[in-house]
Engineer: 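Take a look at this one; I'll ask things after.
Ligands are counted one by one from 1 in listed order, and the atoms in each one are counted from 1 as well. Predicted model only: the values in this text are computed from it and were never measured.
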Amino acid sequence: MNKKEITSLLLNLASTKKLDIAGTDAGFYTSLALRIVDIHDLYSQLYAEHPAYEENFKKLIEVLISVHQSRAESLKKRDESKAENWFLSNELAGMSLYVDRFCGKLKNLPGKLDYLNDLGVNLLHLMPIFASPEGESDGGYAVSDFRKVDEKFGTIQDLRKVQSSLGKRGMYLMLDIVLNHTSHRHAWAEKAKAGDKAYQDYFYFFEYSTLPEQYEQSMPEVFPEAAPGNFTWVPECKKWVMTVFHNYQWDLNYSNPRVLVEMLDNVLFSANLGVDVLRIDAPAFLWKQLGTSCQNLPQAHTILQLIKKCVEIAAPGMALLGEAIVAPAAIMKYFGEGRYQAEECDFAYNATQMALRWDALATGQTSVMRAAQPVLARKPIGTSWINYTRCHDDIGLGYDDYMIQQGGYDPYPHRQYLKEYYAGQFPGSPARGALFSVNEKTQDARISGTLASLCGLEKAIEENDDAQVEISIRKILMMQGSSFFFGGLPMLFYGDEAAYLNDYSYQDDPGKSYDNRWMHRPIIDWKKNALVKKSGTLENRVFSGIRKLLSIRKNLPVVADFGNITWLPGRNIHIAGFLRYSEEKKLYCLFNYSQDSAYLTWYAFKEHGEVPVKLYDLWQEKYHDVGSDDEYLVFEPYEFYLMEVVE
Ligand code: GLC
């Protein structure tokens with residue numbers, strides 16, 4: 001289609017769909033007209049050769065129009081009221097939680113908002129809440145209906161009520177869209193099993209094992225222990241289907257444009273529920289090609305760029321988060337490159353920095369972390385990180401070997417050490433975690449465990465060791481502090497604010513026992529959480545520390561994510577230090593990852609513009625005079641400072 005044909009298609013559809021292009025729909029129509037050529041261009045890059053190319057392009061525009069027409073007026077107003085780049089603000093702080101494990105049902109959630117607001121959280125990431133078969137659910141990431149709330153959480157009306165309660169408090173909602181796969185119980189999969197060819201084309205079906213075997217040669221395994229291989233035999237139709245994750249999660253076939261349009265419709269359905277941030281699950285896997293790893297392929301980016309354009313038209317207030325947990329340089333590409341720089345995902349998980357903080361905590365040294373900063377600094381202005389210390393998933397040591405080498409270590413034994421340290425296998429390690437998805441062939445593994453258990457609290461409590469309890473709390477707060485001030489949206493994981501330890505009860509549940517990530521997905525005991533208010537309890541010390549950090553952050557526009565971060569030269573290998581700056585303000589953020597005291601020359605404060613005379617540490621509420629170059633700022637083990645320049 002050429003430009004003229006596209007414009008005339010647009011006008012035609014506008015008239016059949018009764019858009020008021022000179023009146024109430026003028027803004028929408030202009031936005032659509034402005035972007036349609038780009039959308040067509042992206043779409044053609046994927047489907048120019050496909051026989052159903054034109055028919056599905058028309059459907060795509062129809063979807064945009066009908067989503068706009070059914071978008072609630074209140075949401076349209078909310079779109080308008082949001083500043084451009086609203087999501088870069090220092091005033092946002094999020095928490096991810098499982099509704100059932102946090103408070104049972106959706107309808108109980110509004111009653112918990114005071115607790116969350118008290119902590120300083122104003123954005124809620126509800127872990128997957130759409131229908132997902134019990135026992136074959138992957139924590140909700142195997143979706144059997146993208147439009148039905150799973151009964152165990154309540155109904156779609158309950159979800160709408162949650163959204164409106166959040167809105168009234170000025171809070172934000174984040175939900176997932178599982179774009180890469182469906183449950184094998186999704187209607188499309190059921191039809192495919194029954195032999196419907198059109199629906200088999202929604203997935204990757206193979207009659208013989210020959211092609212799957214060829215694919216396997218270059219495709220890594222995501223869950224080598226629980227779900228080895230990338231294909232599953234479907235006895236109902238006697239064919240193989242691609243299943244990169246668990247065998248009950250069937251990969252959608254995006255080389256079929258109908259799949260793209262249907263899933264775009266589902267994306268926008270979520271948008272119309274009032275979602276502020278949409279977490280796109282596993283985008284790295286969206287496109288498959290024989291002979292490749294089937295991860296991070298250019299077409300996966302094209303799909304995301306196309307979705308982003310469509311969201312800008314139909315739900316402009318919704319930001320997109322790409323959950324790409326891949327190598328550092330590959331993550332950066334999800335912000336968009338070249339012409340699409342800052343026009344793909346608004347957010348990505350800062351999985352690199354997250355894992356590197358765990359690296360630094362285990363080694364007491366920040367050299368590997370430093371080696372990664374040049375890559376992370378390439379994040380385009382206008383995009384942002386989700387900064388986190390723990391989430392529902394495992395910790396993968398996915399940063400590059402060269403970073404480890406530059407940090408002064410051998411990659412293989414270094415990773416081995418980190419895994420043993422966090423699995424509590426290394427002699428003297430205070431951590432209590434477990435290895436997740438051990439790959440016997442490559443010896444690869446990731447790490448499970450709660451923040452508190454990985455920081456040594458579980459062991460310290462068990463051994464009645466008060467000194468170690470003290471150290472664990474320091475570590476917990478230092479890990480959180482170094483995440484909150486980095487630049488990006490801090491995302492807590494529920495339970496961590498009240499120092500939850502690993503929960504081993506998943507081992508008795510056959511639907512979960514094969515997946516030790518459940519050890520760090522606690523069931524909230526509100527009696528325990530009530531202790532956050534009781535002075536001196538562990539829960540209280542961790543909760544109030546986090547609350548204080550979040551409140552400091554909220555009052556500091558300089559930590560909004562405008563690319564205004566500079567790493568301080570490494571004057572002490574144990575200390576990670578960066579400067580957040582604006583024209584009016586300078587904030588030095590300094591973290592000691594060592595179990596021993598550490599010393600930082602005052603010269604470190606004199607290398608960036610005007611030399612400060614006096615600093616104020618917002619964390620410990622103390623003034624410090626900047627000393628001479630041969631004097632030091634002293635750090636206790638795991639101590640940190642958030643120093644603003646006052647003179
Ligand atoms: C994402 C989710 C993870 C899930 C996987 C498959 O990585 O975070 O929990 O297992 O996708 O959907």
Engineer: For D525, which residues count as a salt bridge (Lys or Arg N to Asp or Glu O under 4.0 Å) partner, sequence neighbours excluded?
Structural biologist: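 In terms of salt bridge (Lys or Arg N to Asp or Glu O under 4.0 Å), with neighbours along the sequence ignored, D525 is linked to no residue.
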Engineer: Taking Y417 for the side chain and A362 for the main chain, is one N or O donor matched with an acceptor at less than 3.5 Å?
Structural biologist: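 Yes; judged by distance alone, with no hydrogens or angles, the pair exists.
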Engineer: Kindly write out the residues that satisfy side chain to side chain contact (heavy atoms under 4.5 Å, CB included) with D100, not counting sequence neighbours, or none if the list is empty.
Structural biologist: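 Side chain to side chain contact (heavy atoms under 4.5 Å, CB included) list for D100, sorted by chain: Y98, K152, F153.
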Engineer: Show me the pairs that pass ring-ring contact (aromatic ring centres under 6.0 Å, His included) and involve residues 276-303, at least two apart or across chains.
Structural biologist: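 Sorted result for residues 276-303: F245-F285, H301-Y334.
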Engineer: Could you tell me whether a side-chain N or O of N350 sits under 3.5 Å from a main-chain N or O of N387, the two making a donor and an acceptor?
Structural biologist: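 No, the answer is negative, given that no donor and acceptor are paired below the 3.5 Å cut-off.
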Engineer: Among W240, Y215, W250, F205, which one satisfies ring pair (Phe, Tyr, Trp, His ring centres under 6.0 Å) with F231?
Structural biologist: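 The residue from W240, Y215, W250, F205 that satisfies ring pair (Phe, Tyr, Trp, His ring centres under 6.0 Å) with F231 turns out to be Y215.
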Engineer: Please tabulate, one line per pair, the protein N or O atoms found under 3.5 Å from any N or O atom of ligand 1, giving the distance to one decimal.
Structural biologist:
unit_1	atom_1	unit_2	atom_2	d
ligand 1	7 (O)	E323	OE1	3.3
ligand 1	7 (O)	E323	OE2	2.9
ligand 1	8 (O)	R279	NH2	2.9
ligand 1	8 (O)	E323	OE2	3.4
ligand 1	8 (O)	H392	NE2	2.8
ligand 1	8 (O)	D393	OD2	2.4
ligand 1	9 (O)	H392	NE2	2.9
ligand 1	9 (O)	D393	OD1	2.8
ligand 1	9 (O)	D393	OD2	3.4
ligand 1	9 (O)	R517	NH1	3.2
ligand 1	10 (O)	D138	OD1	3.3
ligand 1	10 (O)	D138	OD2	2.6
ligand 1	10 (O)	R517	NH1	3.2
ligand 1	11 (O)	D281	OD1	3.0
ligand 1	11 (O)	D281	OD2	3.0
ligand 1	12 (O)	H181	NE2	2.9
ligand 1	12 (O)	D281	OD2	2.8

